[in-house]
Amino acid sequence: MVNLQQNCTACVDPIWTEQVRSENSLFLRGKVPADLVFFGGHFADFPLVPGVIELQWVVDQLHAYFGKEMPILRVDNLKFQKFLRPNDEMELTLKWDEAKNRMGFQLKTDNEMCGSGLIVLQNG
């Protein structure tokens with residue numbers, strides 16, 4: 001469950017402002033905090049969210065979708081196409097494909113793709 005009233009003390013997560021869940025999908029709207037701790041070393045003159053952190057945010061929401069931690073087998077078709085920067089407004093969409101046991105995701109800002117991929121879960 002997303003805490004829509006989240007305040008950052010040690011900002012490691014986006015500030016989620018909207019969440020819409022449907023039968024097989026989850027949509028979130030949020031903002032990249034200007035004081036995200038990961039900007040400290042990534043990079044001083046051009047801060048951007050590391051791809052591994054973007055993926056962690058997706059995995060966090062995948063676990064929230066299921067209401068528990070789900071074992072991940074692998075990530076397929078992972079692409080990072082645009083930087084996420086301080087104060088960027090973003091949208092994250094997760095789409096569950098039960099037949100293939102995988103969660104597709106798209107992370108966008110300004111209607112442009114920042115990252116996408118398929119998270120394949122372990123069976124059972």
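Everything numeric in this text was worked out from a predicted model, so none of it was measured.
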**Request:** Might you point out which heavy atoms bring Pro47 and Pro86 nearest each other, and give the distance in Å?
**Result:** O-CD, 3.5 Å

**Request:** Please test Phe66 against Leu121 for side-chain contact (heavy atoms from CB on, under 4.5 Å), starting from the C-alpha separation and ending with a verdict.
**Result:** CA-CA 12 Å; Phe66 289 105; Leu121 302 180; 3.9 Å; yes

**Prompt:** Heavy atoms, side chains only, cut-off 4.5 Å: are Asp76 and Val120 in contact?
**Reply:** yes

**Item:** Minimum heavy-atom distance between Gln61 and Leu26, given as atom pair plus value
**Value:** O-CD2, 4.0 Å

**Request:** Just do the side-chain contact (heavy atoms from CB on, under 4.5 Å) check on Gln19 and Phe27 with the steps written out, would you?
**Result:** CA-CA 6 Å; Gln19 175 183 355; Phe27 170 84; over 6 Å; no

**Prompt:** Same hydrophobic cluster for Val59 and Val12, using side-chain heavy-atom links shorter than 4.5 Å among ILVMFWY?
**Reply:** yes

**Complete:** Here the pair of heavy atoms bringing Lys95 nearest to Ser25 is CG-CB, 4.1 Å

**Prompt:** For Pro14 and Pro33, which heavy atoms make the closest approach, and how far apart are they?
**Reply:** CA-CD, 3.8 Å

**Request:** Could you state whether Leu62 and Val49 fall into the same hydrophobic cluster, counting links through intermediate Ile, Leu, Val, Met, Phe, Trp or Tyr residues with side-chain heavy atoms under 4.5 angstrom apart?
**Result:** yes

**pair Arg85-Val32: side-chain heavy atoms closer than 4.5 Å** = no

**Message:** I'd like to check Leu92 versus Leu94 (side-chain heavy atoms, cut-off strictly below 4.5 Å). Are they in contact?
**Reply:** yes

**Prompt:** Rounded to the nearest 0.5 Å, what separation is found between the CE atom of Met70 and the CG atom of Leu73?
**Reply:** 12.0 Å

**Request:** Identify the two heavy atoms, one from Arg29 and one from Glu91, that lie closest to each other, and give their separation to 0.1 Å.
**Result:** NH1-OE2, 2.6 Å

**Main-chain N/O of Glu98 paired to Asn101 side chain as donor or acceptor, under 3.5 Å** = no

**Asked** Same cluster or not: are Val20 and Met90 linked, directly or through other Ile, Leu, Val, Met, Phe, Trp or Tyr residues, by side-chain heavy atoms under 4.5 angstrom apart?
**Response** no

**Asked** How close do Ser116 and Gln81 get, heavy atom to heavy atom, and via which atoms?
**Response** OG-OE1, 3.9 Å

**Complete:** Taken to the nearest 0.5 Å, the spacing of Leu36 CG from Cys11 SG works out to 7.0 Å

**Asked** Using the ring of each side chain (for Trp, its six-membered ring), is Tyr65 parallel, tilted or perpendicular to Trp96, with breaks at 30° and 60°?
**Response** tilted

**Asked** So do Phe105 and Leu118 actually touch side chain to side chain, heavy atoms under 4.5 Å?
**Response** no

**Message:** Just to verify, what does Phe80 make a side-chain contact (heavy atoms from CB on, under 4.5 Å) with, not counting sequence neighbours?
**Reply:** Glu54, Leu78

**Asked** Passes side-chain contact (heavy atoms from CB on, under 4.5 Å), Leu107 versus Leu84? Steps please.
**Response** CA-CA 10 Å; Leu107 183 61; Leu84 262 181; 3.6 Å; yes

**Request:** Could you state whether Leu55 and Val37 fall into the same hydrophobic cluster, counting links through intermediate Ile, Leu, Val, Met, Phe, Trp or Tyr residues with side-chain heavy atoms under 4.5 angstrom apart?
**Result:** yes

**side chain to side chain donor-acceptor pair (under 3.5 Å) contacts in which one or both residues fall within residues 103-115, not counting sequence neighbours** = none

**Pairwise ring pair (Phe, Tyr, Trp, His ring centres under 6.0 Å) hits with a residue in residues 39-60, at least two apart** = Phe46-Phe83

